Visitor: 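Take a look at this one; I'll ask things after.
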Amino acid sequence: MRITTNAILRNYKSNLGTSLRNLDTTRTRVMTQRKFNSTAEDPSSALRAAILERKYAKNEDYLNTVKDVQSFQDSQEDAAMQIETIAKRLSKQYGLEALNGTNGSLETRQTYADAWRGAQESLVLSLNASYEGKYVFAGGDGKNPPFKLVTKDDGTQVLTYRGLDVNDTSAANKAALDKLSKESIFVDLGFGLNVDVDATNNRDINIDSSSAFNTSLPGINLAGYGKDDNGMTNNIVLLCGEIADVLSDPNFDRDRYQELLNKFDEGRNNVLQNVTILGTQTEFLSTTKDRLETSSINLSTQIDNVVNVDMAEAIMDFSWAQYAYNAALKVGNNILTPSFIDFMR
């Protein structure tokens, strides 16, 4: 087989170009610290990286949402704890001290009545607590303060929740309050949100409560609403006012006072139950946050394995490619060996 000079030069230029491309590829990997810089270089890895990066971004969104919900939940829990603390002081301190025989004078009872009324205002303020401009006990309407306490000219008090009298036992008002007490605000925290369209009304959407987190705590569930079978209010704010009225009455009705105090203790226990539920939800959010942070670390590791290079290996490959290219250049100096023409005269 005859090997011509042109064939040798063509092969040399082709192989030299290959060495130069290898050198450029390894140099780029070292500089970018990536195994590939375009989908064409490694379609399989590029597809896997895109999937992992989407999962990572979604996981980060869930993690940020959990942090926001945690802050909102902390505000709810702090306000509920304030209400429970006030209620406990009223019941265990002021309530019992007012029954003490040595403190049974009208002047002393009036002092305790003022304390109950002052605490009543504090309870309303706590029930209207807000977080970043959103009222935490307002249910589905976080833009407006949910509770409003009004004292009429005859001295009777009316407490409204989102415009509805919490003491009105009419069928329409009770149905409206019952509906507000069941309001939910669901947040997707990555549990596979399940949303279904109601078959009876295509515009209504049903959310599976087990697939989302409910951030709503209507204030009437905390403070109570309506009346019991004996006609006594279930609301601790209004009970404060009634207890204060009994204490201010010159004809102090001890039995009535004890009855109201027992009813107030029931309301305080209800507040304490809601505080316990909030504590359980806070623990759940902490566990969810830990899980999402672990997932974020795992996804980062997978992305790193797919996309990023091993720098020690990349530098070694670059050094070898550079050595091979330099060697190819040196070979070029000796590619034209002496021929028969060099010896002709």
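Keep in mind that this is a model prediction, so the values were computed, not measured.
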Visitor: Side chain of Ser181, backbone of Asp178: donor and acceptor closer than 3.5 Å?
Guide: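 Here the side-chain-to-backbone pair exists.
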Visitor: Looking just at side-chain N and O atoms, do Gln110 and Asp114 make a donor-acceptor pair shorter than 3.5 Å?
Guide: yes
Visitor: Roughly how far apart are Asn234 CG and Leu239 CG, rounded to 0.5 Å?
Guide: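 So the CG of Asn234 and the CG of Leu239 are separated by 8.0 Å.
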Visitor: Walk me through it: do Asp317 and Glu313 pass the test side chain to side chain contact (heavy atoms under 4.5 Å, CB included)?
Guide: CA-CA 6 Å; Asp317 290 341; Glu313 182 180 355; 3.8 Å; yes
Visitor: Check whether any side-chain heavy atom of Pro218 lies under 4.5 Å from a side-chain heavy atom of Leu180, and answer yes or no.
Guide: no
Visitor: In Å, rounded to the nearest 0.5 Å, how long is the span from CZ of Phe36 to CZ of Arg34?
Guide: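 Here the interatomic distance stands at 5.5 Å.
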Visitor: Please say whether more than 12 non-hydrogen atoms of neighbouring residues, nucleotides or ligands are located less than 6.0 Å from CZ in Arg27.
Guide: yes
Visitor: Counting distance only, does the side-chain N/O of Asn59 pair as donor-acceptor with the main-chain N or O of Lys55 below 3.5 Å?
Guide: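 Flag not set: sc Asn59 to bb Lys55 has no pair under 3.5 Å.
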Visitor: Any luck finding a side-chain donor-acceptor pair between Gln258 and Asn262 under 3.5 Å?
Guide: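 Indeed, the side chains of Gln258 and Asn262 share at least one donor-acceptor pair under 3.5 Å.
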Visitor: Using the ring of Tyr56 (Phe, Tyr or Trp, six-membered ring only), decide whether Arg54 places NZ or CZ under 6.0 Å from its centre and within 45 degrees of its axis.
Guide: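 No.
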Visitor: Under a 4.5 Å side-chain heavy-atom rule over Ile, Leu, Val, Met, Phe, Trp and Tyr, are Ile315 and Trp320 clustered together?
Guide: no
Visitor: Output yes when a side-chain donor or acceptor of Thr28 lies under 3.5 Å from a complementary backbone atom of Asp24, and no otherwise.
Guide: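 Checked: pair present.
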Visitor: Below 4.0 angstrom, N of the basic side chain to O of the carboxylate: do Lys67 and Glu293 qualify?
Guide: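 Between Glu293 and Lys67 there is no salt bridge, as every charged N stays at least 4.0 Å from the carboxylate O atoms.
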Visitor: Is a side-chain N or O of Arg109 found less than 3.5 angstrom from the main chain of Asp249, in a donor-acceptor match?
Guide: yes
Visitor: Indicate every side-chain donor-acceptor pair of residues 277-292 with a distance under 3.5 Å to a residue at least two apart or in another chain.
Guide:
unit_1	atom_1	unit_2	atom_2	d
Thr280	OG1	Thr276	O	3.1
Gln281	OE1	Gln73	NE2	2.8
Thr282	OG1	Glu77	OE1	3.0
Thr282	OG1	Leu278	O	2.9
Ser286	OG	Thr282	O	3.1
Thr287	OG1	Glu283	O	3.0
Thr288	OG1	Phe284	O	2.9

Visitor: Met232 and Val166: same hydrophobic cluster, using ILVMFWY side-chain contacts below 4.5 Å?
Guide: yes
Visitor: Is Val150 close to Thr160 at the side-chain level, that is, under 4.5 Å between some pair of heavy atoms?
Guide: no
Visitor: Tell me yes or no: between the side chains of Thr26 and Arg29, is some donor less than 3.5 Å from an acceptor?
Guide: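 No.
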Visitor: For residues Pro145 and Tyr135, report the shortest heavy-atom separation together with the two atoms involved.
Guide: N-CE1, 3.4 Å
Visitor: Judged by modelled atom types alone, do Ser170 and Asp168 share a side-chain donor-acceptor pair under 3.5 Å?
Guide: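 Yes, side-chain donor-acceptor contact under 3.5 Å.
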Visitor: Looking only at heavy atoms, what is the nearest atom pair of Lys35 and Asn305, with distance?
Guide: NZ-O, 2.6 Å
Visitor: Step by step, would you call Leu16 with Leu329 a side chain to side chain contact (heavy atoms under 4.5 Å, CB included)?
Guide: CA-CA 8 Å; Leu16 183 63; Leu329 291 177; 3.9 Å; yes
Visitor: Within the supplied structure, the quantity of interest is the number of heavy atoms (other residues, nucleotides, ligands) at a distance under 6.0 Å from Phe191 CZ; does it exceed 12?
Guide: yes
Visitor: Quick check: closest heavy atoms across Asn221 and Asn270, and the distance to 0.1 Å?
Guide: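 Here Asn221 and Asn270 meet closest at O-ND2, 2.9 Å.
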Visitor: According to a 4.5 Å side-chain heavy-atom criterion applied to Ile, Leu, Val, Met, Phe, Trp and Tyr, with indirect links allowed, do Phe137 and Val69 form part of one hydrophobic cluster?
Guide: no
Visitor: Do any N or O atoms from the side chain of Asn173 and from the backbone of Thr169 form a donor-acceptor pair under 3.5 angstrom?
Guide: no
Visitor: Is it true that atom CG of Asp154 has more than 12 heavy atoms of other residues, nucleotides or ligands lying nearer than 6.0 Å?
Guide: yes
Visitor: Side chains of Lys148 and Asn128: do they bring a donor and an acceptor to under 3.5 Å?
Guide: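 No, because no side-chain N or O of Lys148 sits under 3.5 Å from a partner of the opposite role on Asn128.
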Visitor: If hydrophobic clusters are built from ILVMFWY residues whose side chains come within less than 4.5 Å, do Leu217 and Leu177 share one?
Guide: yes
Visitor: How long is the straight-line distance from OG1 of Thr25 back to CG of Asn37, given to the nearest 0.5 Å?
Guide: 9.5 Å
Visitor: Check whether any side-chain heavy atom of Phe213 sits under 4.5 Å from a side-chain heavy atom of Phe186, and report yes or no.
Guide: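 No. Closest side-chain heavy atoms not under 4.5 Å.
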Visitor: For the atom pair CG (Asp310) and CD (Gln33), what is the distance rounded to the nearest 0.5 Å?
Guide: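 So the gap between those two atoms works out to 11.0 Å.
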Visitor: List the steps and the verdict of side chain to side chain contact (heavy atoms under 4.5 Å, CB included) for Tyr62 and Leu189.
Guide: CA-CA 5 Å; Tyr62 289 141; Leu189 298 182; 5.5 Å; no
Visitor: Do any N or O atoms from the side chain of Asn235 and from the backbone of Tyr225 form a donor-acceptor pair under 3.5 angstrom?
Guide: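 Not a single qualifying donor-acceptor pair exists.
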Visitor: Glu242 and Thr233: side-chain donor and acceptor closer than 3.5 Å?
Guide: no
Visitor: Under 3.5 Å, is there a donor-acceptor pair between the side chain of Thr39 and the main chain of Ala46?
Guide: no
Visitor: Compute whether any side-chain donor of one residue and acceptor of the other, for Asp141 and Asn144, lie under 3.5 angstrom apart.
Guide: yes
Visitor: State whether the side chain of Asn326 and the backbone N or O of Gln322 hold a donor-acceptor pair below 3.5 Å, judged by distance alone.
Guide: yes
Visitor: One pair to check against side chain to side chain contact (heavy atoms under 4.5 Å, CB included): Phe72 and Lys134. What are the steps and the verdict?
Guide: CA-CA 9 Å; Phe72 184 80; Lys134 182 178 181 180; 4.0 Å; yes
Visitor: I need the Tyr325 OH to Ser19 OG distance, nearest 0.5 Å.
Guide: 8.5 Å
Visitor: Give a yes or no on whether the ring-centroid distance for Trp116 and Phe264 is below 6.0 angstrom.
Guide: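 Here the rings of Phe264 and Trp116 have centres that are less than 6.0 Å from each other.
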Visitor: Compare every heavy atom of Gly267 with every heavy atom of Ile236, then report the nearest pair and how far apart it is.
Guide: CG2-CA, 3.6 Å
Visitor: Transitively linked via ILVMFWY side-chain contacts under 4.5 Å: Met81 with Ile86?
Guide: yes
Visitor: When you measure from the side chain of Gln157 to the backbone of Val237, do you find a donor-acceptor pair of N or O atoms at a distance under 3.5 Å?
Guide: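 The answer is no, because no donor-acceptor pair under 3.5 Å joins these two groups.
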Visitor: Taking all atoms of both residues into account, what is the closest heavy-atom pair of Leu52 and Val306, and its distance?
Guide: CD1-CG2, 4.0 Å
Visitor: Give a yes or no on whether the backbone of Asn194 and the side-chain of Ser211 come within a donor-acceptor separation of less than 3.5 Å.
Guide: yes
Visitor: With side chains defined as the heavy atoms from C-beta onward, is the minimum distance between Leu159 and Asn167 less than 4.5 Å?
Guide: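 Side chain of Leu159 against side chain of Asn167, heavy atoms only: no contact under 4.5 Å found.
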Visitor: Nearest 0.5 Å please: distance from the SG atom of Cys240 over to the CD atom of Glu121.
Guide: 10.0 Å
Visitor: Using every non-hydrogen atom in the two residues, find where Phe147 and Ile220 come nearest and quote the distance to one decimal.
Guide: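 It is CZ-N, 3.7 Å.
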